[in-house]
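Below is one structure, written out as structure tokens, with a few remarks after it.
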Amino acid sequence: VFGKDINLVLVLNNLASDRKSVRVDMSASTILYTRRAVAEILKAATSVELGPRQGKHIRVKIPYTHYGKYLTTDKRIQITAVCEVMRTHGLKLLVEKTIILEDTNIIIKLPRRVVVNKAVSLEISYANPLPEPVSRCVLLVTLMNQQVKINLARLAPRERSKIYFEFTPRRAGPLQLQVDFSCDKFSHVKGFVTIAVAPA
């Protein structure tokens with residue numbers, strides 16, 4: 001989840017009947033959706049001895065403090081491990097994984113029934129998932145082809161807050177509401193709901 005430390009496990013298995021020495025070079029970078037690297041956030045190397053038919057786990061932790069300021073709006077991190085089996089004339093195995101960090105910041109609560117031409121009040125809650133305060137907070141609410149910009153107070157570390165948004169639907173049928181939350185440390189955290197508007 002965005003704002004938390006990332007914990008990973010690399011599993012190595014020796015399928016042979018003799019011992020193996022493996023050197024593991026690991027790296028991680030924040031990337032764009034095009035897979036272009038933005039910044040390297042981890043570089044580590046270790047060696048592992050594997051007995052016959054033995055498996056071992058290598059645990060890796062990437063703290064938020066290492067990746068937070070380098071993350072793009074795509075919220076993607078690519079981890080690469082090059083595993084080299086020693087004394088086998090350079091036998092190597094490449095393992096790659098791309099992580100997309102999830103947002104859990106926006107929660108939109110609707111009343112049980114929404115009716116045409118009757119005012120509706122929605123609860124929109126938003127959060128700062130980071131271990132540091134954020135300021136210049138803005139919510140952009142898009143509904144019925146109109147956008148409303150709402151400036152918000154700063155949020156303390158891990159703080160959640162909420163606002164109430166009122167509108168009157170003018171026609172029956174499905175209506176999509178989209179919320180976009182930005183601040184000085186991250187941007188474009190989105191949430192949306194489809195509202196079923198009943199006839200009057």
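Side chains included, hydrogens not; waters and symmetry mates left out as well; all remaining heavy atoms used. As the structure is a prediction and not an experimental result, all values here were calculated from the model. The first residue in the sequence is number 1, and the count goes up from there.
The shortest side-chain heavy-atom distance between Leu130 and Tyr64 falls under the 4.5 Å cut-off. The closest side-chain heavy-atom distance from Ile195 to Val197 is below 4.5 Å. Two residues are said to be in side-chain contact when any heavy atoms from C-beta on lie closer than 4.5 Å; Leu140 and Val179 fail this criterion. Side-chain contact between Leu8 and Ile58 is absent, with no heavy atoms from C-beta onward closer than 4.5 Å. In this structure the side chain of Lys92 never reaches within 4.5 angstrom of the side chain of Cys83, judged on heavy atoms. Residues Cys183 and Val138 are not in side-chain contact: their nearest non-hydrogen atoms beyond the backbone lie 4.5 Å or more apart. Contact annotation: the side chain of Ile124 never approaches that of Lys162 to less than 4.5 Å [non-hydrogen atoms, C-beta and beyond]. The side-chain heavy atoms of Thr194 and Leu175, taken from C-beta on, include no pair separated by under 4.5 Å.
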| Could you go step by step and tell me if Glu40 and Ser27 meet the side-chain contact (heavy atoms from CB on, under 4.5 Å) rule? | CA-CA 7 Å; Glu40 188 173 70; Ser27 64; 4.0 Å; yes
| said: One pair to check against side-chain contact (heavy atoms from CB on, under 4.5 Å): Thr168 and Lys118. What are the steps and the verdict? | reply: CA-CA 6 Å; Thr168 304; Lys118 281 196 176 178; 5.9 Å; no
| Between Val22 and Leu50, does a side-chain contact (heavy atoms from CB on, under 4.5 Å) hold up when you go through it step by step? | CA-CA 8 Å; Val22 183; Leu50 293 171; 4.1 Å; yes
| request: Start with the C-alpha distance between Leu12 and Val24, add both sets of side-chain angles, then the distance that settles side-chain contact (heavy atoms from CB on, under 4.5 Å), and finish with yes or no. | output: CA-CA 10 Å; Leu12 293 178; Val24 181; 3.9 Å; yes
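The line from CG of Asp180 to OG1 of Thr142 is 7.5 Å long, rounded to the nearest 0.5 Å. We find the CD-CD1 distance between Gln178 and Ile106 to be 10.5 Å, quoted to the nearest 0.5 Å. Rounded to the nearest 0.5 Å, atoms OG (Ser29) and CD1 (Ile41) are 7.0 Å apart. To the nearest 0.5 Å, atom NE2 of residue His188 and atom OG of residue Ser182 are 5.0 Å apart. Taking CG of Leu71 as the start and NE2 of His66 as the end, the distance is 14.5 Å to the nearest 0.5 Å. Ile6 CD1 to Ile62 CD1: the interatomic distance, rounded to the nearest 0.5 Å, is 5.0 Å.
Grouping the Ile, Leu, Val, Met, Phe, Trp and Tyr side chains by contacts below 4.5 angstrom, directly or via other members, places Val95 apart from Val82. Under the 4.5 Å side-chain heavy-atom criterion for grouping Ile, Leu, Val, Met, Phe, Trp and Tyr, Met144 is connected to Val114 within one hydrophobic cluster. Residues Val38 and Leu101 do not share a hydrophobic cluster, defined by chaining ILVMFWY side chains whose heavy atoms lie under 4.5 Å apart. Taking hydrophobic clusters as Ile, Leu, Val, Met, Phe, Trp and Tyr residues chained together by side-chain heavy-atom distances below 4.5 Å, Ile150 shares a cluster with Leu155. Residue Ile107 is not grouped with residue Phe192 when hydrophobic side chains (ILVMFWY) are merged at heavy-atom distances under 4.5 angstrom, including chains of intermediate members.
In this structure, Thr80 has no side chain to side chain donor-acceptor pair (under 3.5 Å) partners at least two apart in sequence or on a different chain. Residues passing the side chain to side chain donor-acceptor pair (under 3.5 Å) test with Glu123, sequence neighbours excluded: Tyr164. Residues satisfying the salt bridge (Lys or Arg N to Asp or Glu O under 4.0 Å) criterion with Lys185, sequence neighbours excluded, are absent altogether. With sequence neighbours excluded, no residue forms a ring-ring contact (aromatic ring centres under 6.0 Å, His included) with Phe165. When the side chain to side chain donor-acceptor pair (under 3.5 Å) test is applied to Asn13, no partner is found at least two apart in sequence or on another chain. Legend: residues meeting salt bridge (Lys or Arg N to Asp or Glu O under 4.0 Å) with Arg35, ordered by chain and number and at least two apart, are Glu96. Here Asp25 pairs with Arg23 under the salt bridge (Lys or Arg N to Asp or Glu O under 4.0 Å) rule; sequence neighbours left out. For Ala156, the side chain to side chain contact (heavy atoms under 4.5 Å, CB included) criterion is met by Glu159, not counting sequence neighbours. Here Phe167 pairs with nothing under the ring-ring contact (aromatic ring centres under 6.0 Å, His included) rule; sequence neighbours left out. For Arg171, there are no side chain to side chain donor-acceptor pair (under 3.5 Å) partners at least two apart in sequence or on another chain.
Closest non-hydrogen pair, Ile31 versus Thr72, comes out as O-OG1, 3.6 Å. The heavy-atom pair separating Pro131 from Pro157 by the smallest distance is C-CB, 3.6 Å. Pairing each heavy atom of Ile79 with each of Ala28, the nearest pair is CG1-CB, 3.9 Å. Residues Val115 and Pro169 approach most closely at O-CG, 3.5 Å, considering heavy atoms. Counting all heavy atoms, side chain and backbone alike, Val116 lies closest to Ala172 at CG2-N, 3.1 Å. The shortest heavy-atom contact between Pro111 and Val120 is CG-CG1, 3.5 Å.
Using a distance-only test at 3.5 Å, with no hydrogens or angles considered, a donor-acceptor pair links the side chain of Thr30 to the main chain of Tyr70.
Ring geometry for Tyr126 versus Phe181: interplanar angle of 30 to 60°, hence tilted.
Screening residues 129-155 for salt bridge (charged side-chain N to carboxylate O under 4.0 Å, His left out) gives no qualifying pairs among residues at least two apart or on separate chains. Within the structure, salt bridge (charged side-chain N to carboxylate O under 4.0 Å, His left out) pairs that include any residue of residues 60-71 comprise Asp5-Lys61 (at least two apart or interchain).
Checking Ser21 against Glu49 by side-chain atom types alone, a donor-acceptor pair falls below 3.5 Å. Arg76 and Thr98 form no side-chain donor-acceptor contact under 3.5 Å, judged by distance and modelled atom types alone.
In the displayed structure, Lys56 atom NZ is contacted under 6.0 Å by more than 12 heavy atoms of other residues, nucleotides or ligands.
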